[in-house]
A.B. asks: 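Take a look at the following structure, please.
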Amino acid sequence: MSKKFDVVVIGGGPGGYVAAIRCAQLGLKTACIDKWVNKEGKGVYGGTCLNVGCIPSKALLDTSHKYEEAKHDFDMHGIGAGDITMDVSKMLARKDQIVKNLTMGVAGLFKGNGVTALEGVGKVLAGKKVEFTPHGGEAEQIEAENIIIATGSVPFNIPPAPLTDDIIVDSTGALEFKEVPEKLGVIGAGVIGLELGSVWGRLGAKVTVLEAQDKFLHVADSAVSKEAQKLFTKQGMDIRLGARVTGSEVKDGKVTVTFQEGGEEKSETFDKLIVAVGRKPFTDGLLAADCGVNLDERGFIHVDDSCQTAAPGIWAIGDVVRGPMLAHKASEEGVMVAERIHGHAAQMNYDVIPSVIYTAPEIAWVGKTEEQVKAEGEPYNTGMFPFAAVGRAMASNQTDGFVKIIAHAETDRILGAHIVGPNAGDLCQQIVIAMEFGSSAEDIGMMVFAHPTVSEAVHEAALAVSNSAIHKVNRKSRK
């Protein structure tokens, strides 16, 4: 193995492997170090996202949605399917095969682009050096003109509910339940908790979500969070807000959780408990004391707007730096850094990063919430349109939710969009593109949208900003 590279990337997740590929495409001699080992004990790339995060969870979400639809909705279509059963082992096997296909795909991309794949652990040393320790081998030093840190994040664990065997689990463990629990507890009503809770809830578990915050989905626009809470409750999810977990006890294969709610001490017993209270940057053993890379007070690596650290030639991207912990944000930071290393004046627009929760219905947003716009004192108009008034949504029995667009009252420039409903993630991307090019709500309203499609809700919401929606009675927008 060569001991000198133009770029060494530490971490092979969606930030690291994308950065490595782009660096190699630009003609830079590149290596990528990753410590991930799969169930067979083999080194794989893709990080949390491909192995135990974004991808496997979406595989389970899709399966559980199909099961629920077959069990409850086929009859209205005139489809008789008899007794619907669920084979959890087959569902997990399908999930594992998807993960295998994608991780092998990354390995193929490395080979095709000439990226040197190094399986093991990397540590940043002073003087643009990296200590690489292969699995089961001796440490050696590698020189690099540039180092990109992309080590990602790990789940938070909380003292009142320490992980215990397969009863109290984190998000990784929640992907591996061998059977559907009768009663499932989830600590945390964030993206991960809602997605995993909805998977097992659709398969038959009675799900209780314990959320310490008093507001549901406090990061989302209030109209969306209220609608989502109503829909999830209607689906059978028991959401307890203002519920702070104080302890847990595992006994006879079950877990009893104690928590404070409304000033009272309460308890619930579950077959399984998922701890999903967020994630923290992973920097354990990563940085030598004299390497020049600094951490902020929350443990994130300090970088500038271009993801450069205080140490020349050392960059950091993804979950380990400021900003939302999103795979697509990490990937685009990786591309930006690769371009800047090659001498291009690349930059990233952090104002138009979409967020998606892959529940059913999906929840997605981009830009500012109405609460943020109001707090900033900007004059604004809003336009909303329900999926219940969209023909395609009605035909596919997906009429819950709405599209909401916020635009500046004077310039009409789109400030944000918030969606709960079918294909929300894909519909939100239409507004991401519009905002990237500085579009107004009128611009969207003047475009031709195919009929019948659920995207017509985006069109009508844009028209509603100026009280011009066609397929609903318009009301005066708030300013």
Side-chain angles (χ1 to χ4, degrees), residues 9-20 32-38 44-58 99 102-103 106 120-124 147-159 161-163 169-176 186-196 212 218-219 274-287 293-303 307 309 314-337 348 350 353-358:
V9 182
I10 303 177
Y17 86 72
V18 169
C32 184
I33 301 171
D34 195 83
K35 68 175 186 175
W36 203 281
V37 176
N38 66 13
V44 291
Y45 287 78
T48 295
C49 181
L50 265 65
N51 288 281
V52 294
C54 322
I55 300 304
S57 64
K58 302 313 165 285
V99 170
L102 286 169
T103 54
V106 174
V121 178
K123 181 176 182 177
V124 181
I147 300 168
I148 302 176
I149 300 169
T151 48
S153 61
V154 292
F156 269 118
N157 294 321
I158 56 174
L163 304 187
V169 302
D170 58 14
S171 56
T172 300
L175 298 170
E176 300 295 337
V186 180
I187 303 177
V191 176
I192 297 171
L194 291 174
E195 289 186 355
L196 293 174
H218 65 282
V219 296
I274 302 173
V275 180
V277 294
R279 300 179 65 86
K280 61 182 179 180
F282 181 74
T283 57
D284 293 355
L286 173 66
L287 305 170
V293 177
N294 301 317
L295 303 180
D296 67 17
E297 64 280 1
R298 297 182 300 157
F300 291 90
I301 293 177
H302 181 73
V303 293
C307 290
T309 71
I314 302 180
W315 314 72
I317 61 174
D319 288 5
V320 81
V321 303
R322 78 287 179 270
M325 289 184 170
L326 299 169
H328 44 280
K329 173 255 195 185
S331 294
E332 292 308 315
E333 285 180 331
V335 171
M336 175 182 70
V337 168
M348 185 168 160
Y350 286 93
I353 298 176
S355 296
V356 186
I357 304 176
Y358 296 90

A.B. asks: On a heavy-atom basis, which atom in Val9 and which in Ala150 lie closest, and how many Å separate them?
C.D. replies: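 Heavy atoms of Val9 and Ala150 come nearest at CG1-CB, 4.5 Å.
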A.B. asks: Can you check whether Val18's main-chain N or O pairs, donor with acceptor, with Ser331's side chain at less than 3.5 Å?
C.D. replies: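 Here the side-chain-to-backbone pair does not exist.
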A.B. asks: Let me confirm one number: the CD1-CD1 distance from Ile357 to Ile192, rounded to the nearest 0.5 Å.
C.D. replies: 10.5 Å
A.B. asks: Applying salt bridge (Lys or Arg N to Asp or Glu O under 4.0 Å), can you list everything that pairs with Glu195, at least two apart in sequence or on another chain?
C.D. replies: Lys58
A.B. asks: Side chains of Met348 and Ile353, heavy atoms from C-beta outward: is any pair under 4.5 Å?
C.D. replies: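 Yes; the side chains approach each other to less than 4.5 Å.
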A.B. asks: Using 0.5 Å steps for rounding, measure from the CD1 atom of Ile147 to the CH2 atom of Trp315.
C.D. replies: 12.5 Å
A.B. asks: Atom CD1 in Ile10, atom OG1 in Thr283: separation rounded to 0.5 Å?
C.D. replies: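 OG1 of Thr283 is found 12.0 Å from CD1 of Ile10.
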A.B. asks: Report the distance from atom CG of Leu196 to atom OG1 of Thr172, rounding to the nearest 0.5 Å.
C.D. replies: 9.5 Å
A.B. asks: Can you tell me how far apart CG (Asn294) and CZ (Phe300) are? Round to the nearest 0.5 Å.
C.D. replies: 15.5 Å
A.B. asks: Atom CZ of Phe156 and atom CD1 of Ile187: how far apart are they, to the nearest 0.5 Å?
C.D. replies: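 Output value for this atom pair is 14.5 Å.
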A.B. asks: Provide the closest heavy-atom pair for Ile317 versus Ala19 in the form atom of the first, atom of the second, distance.
C.D. replies: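 So the minimum-distance heavy-atom pair works out to CD1-CB, 4.2 Å.
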A.B. asks: Looking at residues at least two apart in the chain, or sitting in another chain, which of them share a side chain to side chain contact (heavy atoms under 4.5 Å, CB included) with Ala330?
C.D. replies: none
A.B. asks: Taking the side chain as every heavy atom from C-beta outward, state whether Leu295 and Ile301 have any pair of such atoms under 4.5 Å apart.
C.D. replies: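 The answer is yes, as the side chains (C-beta and beyond) meet within the 4.5 Å cut-off.
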A.B. asks: At their closest point, which heavy atom of Arg298 faces which heavy atom of Pro281, and how far apart are they?
C.D. replies: O-CG, 4.2 Å
A.B. asks: Please list, one pair per line, the donor and acceptor atoms closer than 3.5 Å that link side chains of residues 319-329 to other protein atoms, with sequence neighbours excluded.
C.D. replies:
{"unit_1": "Asp319", "atom_1": "OD2", "unit_2": "Ser153", "atom_2": "OG", "d": "2.7"}
{"unit_1": "Arg322", "atom_1": "NH1", "unit_2": "Glu333", "atom_2": "OE2", "d": "3.0"}
{"unit_1": "Arg322", "atom_1": "NH1", "unit_2": "Tyr350", "atom_2": "OH", "d": "3.4"}
{"unit_1": "Arg322", "atom_1": "NH2", "unit_2": "Asp304", "atom_2": "O", "d": "3.4"}
{"unit_1": "Arg322", "atom_1": "NH2", "unit_2": "Tyr350", "atom_2": "OH", "d": "3.0"}
{"unit_1": "His328", "atom_1": "NE2", "unit_2": "Pro354", "atom_2": "O", "d": "2.7"}
{"unit_1": "Lys329", "atom_1": "NZ", "unit_2": "Gly318", "atom_2": "O", "d": "3.0"}
{"unit_1": "Lys329", "atom_1": "NZ", "unit_2": "Arg322", "atom_2": "O", "d": "2.8"}
{"unit_1": "Lys329", "atom_1": "NZ", "unit_2": "Glu333", "atom_2": "OE1", "d": "3.3"}
{"unit_1": "Lys329", "atom_1": "NZ", "unit_2": "Glu333", "atom_2": "OE2", "d": "3.4"}

A.B. asks: Side chains of residues 47-57: which donor-acceptor partners sit under 3.5 Å, not counting sequence neighbours?
C.D. replies:
{"unit_1": "Asn51", "atom_1": "ND2", "unit_2": "Gly47", "atom_2": "O", "d": "2.9"}
{"unit_1": "Ser57", "atom_1": "OG", "unit_2": "Gly53", "atom_2": "O", "d": "2.8"}
{"unit_1": "Ser57", "atom_1": "OG", "unit_2": "Cys54", "atom_2": "O", "d": "3.0"}

A.B. asks: Which heavy-atom pair separates Gly285 from Lys123 by the least distance, and what is that distance?
C.D. replies: O-CG, 3.5 Å
A.B. asks: Which heavy atom of Val169 sits nearest to which heavy atom of Ala174, and what is that distance?
C.D. replies: CG2-N, 3.7 Å
A.B. asks: List for me each residue that meets side chain to side chain contact (heavy atoms under 4.5 Å, CB included) alongside Phe282, sequence neighbours excluded, and say none if there are none.
C.D. replies: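 Phe282 satisfies side chain to side chain contact (heavy atoms under 4.5 Å, CB included) with Lys35, Thr151, Val154, Asp284 once adjacent residues are dropped.
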A.B. asks: What residues form a side chain to side chain contact (heavy atoms under 4.5 Å, CB included) with Asn38, not counting sequence neighbours?
C.D. replies: Glu40, Lys42, Val44
